[in-house]
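Each ligand, and each atom within it, is numbered from 1 in the order the structure gives. Keep in mind it's a predicted model, so treat the numbers as computed, not measured.
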Amino acid sequence: MYMNIAIDGPAGAGKSTIARRVAKELGYLYVDTGAMYRAIALFLLRSGVDLNDEDAVSKQVKDCHVSLRYREGQQEVLLNGEDVSGLIRTEEVGNAASASSVYPEVRDQLTRLQRELAAQENLVMDGRDIGTTVLPHASLKIYLTASAKTRALRRAKEAQGKAFDLEQIQRDIEERDDRDMHRKISPLAQAKDAVRIDSSQMSIDQVVERILQLAEEEIK
Ligand code: DC
């Protein structure tokens, strides 16, 4: 049995930074499942399909193959063999991923891939439904959250000198939360056996430390 750590939570809670650090400390693989949903979203955006049209999206995704590759410990996402790791990091693709991830055809394809990876490696996997649906028997489950205001401020800091509208960023975050939490299949939710960590008043180091403590208790 491999050690699987699931980290779920809303957009902007710091999941990927923290999951990557925890994985590095433990010598585990880091799997960013949001990147997989983003890769499918990029494929759909390129195809010009209407993201509200479930039948059309379900047909299109049959031609879409997402896979992962690791180079020097860094995850790369391949879309039909093309490395799209850089291209998927835009708000447009993030919003399209939130919209297209509501469909079973999209979720089933990626859930299968995520389970295959977890069966082969010690890993830290982050997403929205890892503890609830993808890996219900994960060794450790974390639900990482922060207030919408804190998450908006963190996003704004990432704008690095570019003009931004903090209230608009917060509204976008709340809208994305609402969609991710209220979709019919695998909505974002805290698993019953997940440890909830609110990072609003915590530094990255403090959160990493807390998760490492919990992981050590599991490994013992
Ligand atoms: O974590 P992220 O911002 O890269 O994720 C983009 C979108 O993908 C997110 O709004 C919802 C979807 N997603 C999902 O439905 N399930 C996951 N396990 C990961 C992401």
Side-chain angles (χ1 to χ4, degrees), residues 4-23 29-45 51-52 54 57-58 61 64 66 68 74-77 79 84-118 123-136 138 141-146 148 150-152 154-156 158 169-191 194 199:
N4 294 159
I5 299 179
I7 303 186
D8 291 301
K15 292 186 303 292
S16 56
T17 307
I18 283 156
R20 190 176 292 115
R21 285 264 310 267
V22 170
L29 200 66
Y30 164 54
V31 180
D32 170 4
T33 63
M36 301 178 183
Y37 285 93
R38 285 170 180 262
I40 290 197
L42 177 65
F43 173 84
L44 294 169
L45 286 173
L51 295 181
N52 296 312
E54 176 169 2
V57 168
S58 302
V61 297
C64 172
V66 174
L68 298 185
Q74 291 290 324
Q75 173 182 295
E76 292 177 353
V77 193
L79 174 59
V84 293
S85 314
L87 297 175
I88 56 174
R89 293 289 149 209
T90 64
E91 279 304 299
E92 187 196 10
V93 175
N95 287 327
S98 176
S100 53
S101 62
V102 301
Y103 301 127
E105 291 279 352
V106 172
R107 302 207 71 82
D108 290 351
Q109 183 182 133
L110 297 184
T111 299
R112 220 175 303 126
L113 174 60
Q114 291 154 13
R115 287 183 178 150
E116 276 168 24
L117 286 165
L123 51 78
V124 181
M125 188 177 277
D126 79 358
R128 303 291 190 288
D129 61 337
I130 312 306
T132 52
T133 307
V134 179
L135 306 175
K141 298 181 188 178
I142 304 292
Y143 188 80
L144 183 64
T145 187
T150 305
R151 291 184 282 133
R154 288 177 185 163
R155 270 281 143 83
E158 288 165 11
I169 298 178
Q170 184 167 337
R171 273 196 300 275
D172 285 349
I173 282 182
E174 283 165 346
E175 217 174 275
R176 180 109 86 94
D177 287 354
D178 187 64
R179 206 166 34 209
D180 291 348
M181 287 172 179
H182 294 104
R183 64 177 176 229
K184 268 196 240 131
I185 312 165
S186 299
L188 167 64
Q190 180 176 344
S199 71

Sequence neighbours excluded, which residues qualify as salt bridge (Lys or Arg N to Asp or Glu O under 4.0 Å) partners of R38? none
Is there a donor in the side chain of Q109 and an acceptor in the side chain of E105, or the other way round, less than 3.5 Å apart? no
Which one holds for D32 and ligand 1: side chain close, backbone close, both close, or neither close, with close meaning a heavy atom under 4.0 Å? neither
Can an N or O of D126 be found at a distance shorter than 3.5 Å from an N or O of ligand 1? no
Is there a side-chain hydrogen bond (donor to acceptor under 3.5 Å, both in side chains) between R154 and S199? Walk through the geometry before answering. CA-CA 12 Å; R154 288 177 185 163; S199 71; 3.2 Å; yes
Considering all heavy atoms, the nearest A6-A138 contact: CB-CB, 4.1 Å
If we number the atoms of ligand 1 from 1 as shown, the ones under 4.0 Å from a heavy atom of D180 are 9 (C), 10 (O), 11 (C)
Between R179, R89, R176, R128, flag the one that comes closest to atom 1 (O) of ligand 1 by a heavy atom. R128
Heavy atoms only: give me the nearest A99-L51 pair and the separation to one decimal. CB-CD1, 4.4 Å
protein heavy-atom neighbour closest to atom 4 (O) of ligand 1 works out as R38 NE, 2.6 Å
Closest protein heavy atom (residue, atom, distance) for atom 19 (C) of ligand 1: T33 OG1, 3.4 Å
Heavy atom under 4.0 Å from ligand 1: found in E91's side chain, backbone, both, or neither? neither
Considering all heavy atoms of both residues, which atom of P10 and which atom of D177 are nearest to each other, and what is their separation? CB-OD1, 3.5 Å
Test of understanding: given a 4.0 Å heavy-atom threshold, classify the contact between S98 and ligand 1 as side chain, backbone, both, or neither. both
Starting from atom 8 (O) of ligand 1, locate the nearest protein heavy atom and write down its residue, its atom name and how far away it is, to 0.1 Å. Y37 CB, 3.5 Å
Applying side-chain contact (heavy atoms from CB on, under 4.5 Å) to R21 and not counting sequence neighbours gives I204, D205, V208
Atom 7 (C) of ligand 1: closest protein heavy atom, distance to 0.1 Å, is A97 CB, 3.7 Å
With a cut-off of 4.0 Å, which atoms of ligand 1 are near a heavy atom of S101? 11 (C), 12 (C), 15 (O)
Consider ligand 1: state whether an atom of it lies below 4.0 angstrom from any non-hydrogen atom of Q114. no
If we set the cut-off at 4.0 Å for heavy atoms, which region of M36 has an atom near ligand 1: side chain, backbone, both, or neither? neither
For atom 16 (N) of ligand 1, which protein heavy atom lies nearest, and how many Å away is it? R107 NH2, 3.0 Å
Taking the side chain as every heavy atom from C-beta outward, state whether R176 and R151 have any pair of such atoms under 4.5 Å apart. no
With a 4.5 Å cut-off on side-chain heavy atoms, are S101 and R183 touching? yes
